[in-house]
Amino acid sequence: MTETKIDLLELNTPELRDLLASWHEPSYRAAQIQKWIYQDLVEDFGAMSNLPRSLRAKLNVNTCLGSLAPILERDSPNAFARKILFRLADGQTLETVLMLYADAPDSPELEEGNDAAHEFKRRTVCVSTQVGCPIGCPFCATGQAGFVRNLSAGEIVEQVLYFARERKRNGYAEMPLTNIVIMGMGEPLMKFDITWKAVEALTDPARFGLGARRITVSTSGLIPGIQRMASTRPQINLAVSLHAPDDELRDHLVPINRRYPLRNLMSACREYVEATHRRITFEYALMDGINDRPEQARAVAQLLKGLLAHVNLIPLNPTADSPYQRTPYARVKAFERILRDAGIATTLRVEKGIEIAAGCGQLRQQVGHDWSRANSLPTAA
């Protein structure tokens, strides 16, 4: 039986040093190896030229650099979005999306088709943390598919490295990735320690080295995770999937609300802002006739009144098996206007990748695999 190789993307610095020590290699080799992997973005051990040949050979025999295999790729016609469906080592699949923006971070987004779009000042990768999702939001393709398993920290990190390597291969080494949003398939705070091990690899200056403020973690509203995030890494951006201004509707649209209702969630959000002095982004997917009425916009404004918050309005990217449809543009603008008139900072997200099924889980759903469904939510860790 062939022994399973050790995935170096799963190892933090102390773990890599321990592995090297077991091979009687000096500890400084860990820094050299990590630089090759995360900064030089090499894809094979033979390229690690400052390592002894014997060590390169041992790494090649005993270790690997991830396991993701791209099986389907989709590019939007305007080149604003690129989605990859990956197969994992166990045969399961996940999605990752590269999104390109002409604007600088935190500025109003430009409309698609603008001549400045080719500059792509912001290059964002949206990564997944689970195969499927246990939350079960009925308007989301991932939620419709059910939950299979959690990703490992290495599987999360490898999604970022894939696009970083691809940009280098395509001649964009001087324009690397600028942002990471942990908003793909799954609930990132469900298994907090796994997500945070990945975040540490991505922010560690000795590894990928992206600034903490360039990473955003999205949650459906897991209060224990929000509280841990505030105390662990306050510089990481927090986004909360709101989608409804009252418990009755949110219980249906975001079922975790039954465990963590809005009153408790908003209290946790206010405590988060007080502890970190960081703004929270509230994601709000607008659905025709469901959550897009003027009175609901006013209720959102009241819910967020006095909170350091920003609302990201998202015209729904509808899925094939869902009755939920996107709000007409005129009503989207009216909703936006009500929030802004109430003093709530609001951005209308520029749509990217509708042609490539860029919404969470949509490409995976189209492939038509038979996904396992969980009977209940896993316990938050």
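Remember, predicted model here, so these are calculated numbers, not experimental data. The basis for the numbers below is simple: all heavy atoms, side chains too, and nothing from hydrogens, waters or symmetry mates.
- Rounded to the nearest 0.5 Å, atoms CD (E95) and OG (S128) are 6.5 Å apart.
- Here the closest heavy-atom approach between residue A230 and residue P234 is recorded as O-CB, 3.6 Å.
- Under the 3.5 Å distance criterion, the side-chain polar atoms of Q144 are left unmatched by any main-chain donor or acceptor of G136.
- Residue I290 holds its CD1 atom at 7.0 Å from CG of L253, rounded to the nearest 0.5 Å.
- M229 places a side-chain heavy atom less than 4.5 Å from the side chain of Y272.
- Using a distance-only test at 3.5 Å, with no hydrogens or angles considered, a donor-acceptor pair links the side chain of D44 to the main chain of G46.
- Checked by atom type, the side-chain pair H310/T347 shows a donor-acceptor distance below 3.5 Å.
- The pair D288-R331 meets the salt-bridge criterion, since a charged nitrogen lies less than 4.0 angstrom from a carboxylate oxygen.
- Not a single donor-acceptor pair under 3.5 Å links the side chain of E10 to the backbone N or O of D7.
- Between T195 and P188, the shortest heavy-atom contact is OG1-O, 2.6 Å.
- L151 has its side chain out of reach of I194: every pair of non-hydrogen atoms, C-beta onward, lies at least 4.5 Å apart.
- Residues M287 and D292 form no side-chain contact, since every pair of their non-hydrogen atoms from C-beta on lies 4.5 Å or further apart.
- If you take CD1 on I344 and CG on L339, they are separated by 7.0 Å, rounding to the nearest 0.5 Å.
- Remark: of the listed residues I180, I236, V181, I236 is the sole one forming a side chain to side chain contact (heavy atoms under 4.5 Å, CB included) with V217.
- Proximity of L307 to M266: side-chain heavy atoms (C-beta onward) are separated by under 4.5 Å at one or more points.
- The side-chain contact (heavy atoms from CB on, under 4.5 Å) test applied to L11 returns I6, L8, E15, L16, L19, not counting sequence neighbours.
- Of all non-hydrogen atoms in T93 and M185, the two that sit nearest each other are O-CE, 4.0 Å.
- Residues that satisfy the side-chain contact (heavy atoms from CB on, under 4.5 Å) test with E295, not counting sequence neighbours, are R293, R298.
- Between the side chains of R278 and N237, at least one donor-acceptor pair of N or O atoms lies under 3.5 Å.
- In this structure, C140 SG and L316 CG are separated by 9.5 Å, a value rounded to the nearest 0.5 Å.
- Among residue pairs with one or both ends in residues 239-252, those qualifying as side chain to side chain donor-acceptor pair (under 3.5 Å) are D247-N257, R250-N257, D251-N257, H252-Y324; sequence neighbours excluded.
- At most 12 non-hydrogen atoms from other residues, nucleotides or ligands lie less than 6.0 angstrom from NZ of K305.
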Audit row: M99, F80, side chain to side chain contact (heavy atoms under 4.5 Å, CB included) steps and yes/no | CA-CA 6 Å; M99 298 171 290; F80 273 69; over 6 Å; no
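- For the salt bridge (Lys or Arg N to Asp or Glu O under 4.0 Å) test, no residue two or more places apart in sequence or in another chain qualifies with D341.
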side-chain hydrogen bond (donor to acceptor under 3.5 Å, both in side chains) between Q296 and N291: does it pass, once the steps are laid out?
-> CA-CA 6 Å; Q296 290 170 313; N291 64 351; over 6 Å; no
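- Here E271 pairs with nothing under the salt bridge (Lys or Arg N to Asp or Glu O under 4.0 Å) rule; sequence neighbours left out.
- The distance from the CG atom of N150 to the CD atom of Q130 is 5.0 Å, given to the nearest 0.5 Å.
- Between Y329 and P315, the closest side-chain pair of non-hydrogen atoms is not below 4.5 Å.
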Let me see the working for L161 and F208 under side chain to side chain contact (heavy atoms under 4.5 Å, CB included), right down to the final yes or no.
-> CA-CA 9 Å; L161 292 182; F208 196 70; 3.9 Å; yes
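- Scanning for side-chain contact (heavy atoms from CB on, under 4.5 Å) contacts around T13 gives R17, Q34, D204, R207, with sequence neighbours left out.
- Note on I314: it does not cluster hydrophobically with L100, by side-chain heavy-atom contacts below 4.5 Å among ILVMFWY residues.
- Among all heavy-atom pairs drawn from A345 and A309, the shortest one is CB-O, 3.9 Å.
- A 4.5 Å side-chain heavy-atom check between L177 and Y172 finds every atom pair outside the cut-off.
- A salt bridge links R340 with E336: the closest approach of a Lys/Arg side-chain nitrogen to an acidic carboxylate oxygen falls below 4.0 angstrom.
- The line from CG of L85 to OG1 of T96 is 9.0 Å long, rounded to the nearest 0.5 Å.
- Within the structure, the salt bridge (Lys or Arg N to Asp or Glu O under 4.0 Å) test picks out the following pairs touching residues 166-179 (sequence neighbours left out): E43-R169, R82-E166.
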Evaluate side chain to side chain contact (heavy atoms under 4.5 Å, CB included) for Y284 paired with L286, printing each intermediate quantity in order.
-> CA-CA 6 Å; Y284 198 96; L286 286 162; 3.7 Å; yes
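- Side-chain contact between R279 and V273: absent, with no pair of heavy atoms (C-beta onward) separated by less than 4.5 Å.
- Residues C269 and F282 have side chains in contact (heavy-atom distance under 4.5 Å, counting atoms from C-beta outward).
- Listed for the T232 side chain is a donor-acceptor partner under 3.5 Å among the backbone atoms of R228.
- In this structure K35 satisfies the salt bridge (Lys or Arg N to Asp or Glu O under 4.0 Å) test together with D40, sequence neighbours excluded.
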Donor-acceptor pairs under 3.5 angstrom involving side-chain atoms of residues 219-226: please list them, not counting sequence neighbours.
{"from": "T219", "atom 1": "OG1", "to": "E187", "atom 2": "OE1", "distance (Å)": "3.3"}
{"from": "T219", "atom 1": "OG1", "to": "E187", "atom 2": "OE2", "distance (Å)": "3.0"}
{"from": "T219", "atom 1": "OG1", "to": "G221", "atom 2": "N", "distance (Å)": "3.0"}
{"from": "T219", "atom 1": "OG1", "to": "L222", "atom 2": "N", "distance (Å)": "3.2"}
{"from": "S220", "atom 1": "OG", "to": "E187", "atom 2": "OE1", "distance (Å)": "2.7"}

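- When atom types are taken as modelled, the side chain of T203 and the backbone of L210 share no donor-acceptor pair closer than 3.5 angstrom.
- Considering all non-hydrogen atoms of both residues, S67 and E158 come closest at N-OE1, 2.9 Å.
- Evaluation of the side-chain contact (heavy atoms from CB on, under 4.5 Å) rule for P70 yields E73, I84, F86, Y162 as partners, not counting sequence neighbours.
- Across R270 and L304, no two heavy atoms sit closer than the pair NH2-C, 4.4 Å.
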What's the verdict on side chain to side chain contact (heavy atoms under 4.5 Å, CB included) for F335 and I338, showing C-alpha distance, side-chain angles and the deciding distance?
-> CA-CA 5 Å; F335 200 100; I338 290 171; 5.9 Å; no
Show me, pair by pair, the donor-acceptor contacts under 3.5 angstrom made by side chains of residues 57-65, not counting sequence neighbours?
{"from": "N62", "atom 1": "ND2", "to": "K58", "atom 2": "O", "distance (Å)": "2.8"}
{"from": "T63", "atom 1": "OG1", "to": "L59", "atom 2": "O", "distance (Å)": "2.6"}

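- Scored by the salt bridge (Lys or Arg N to Asp or Glu O under 4.0 Å) test, R165 finds no partners at all (sequence neighbours excluded).
- Side-chain contact of E283 with N312: a donor-acceptor pair under 3.5 Å is present, judged by distance alone.
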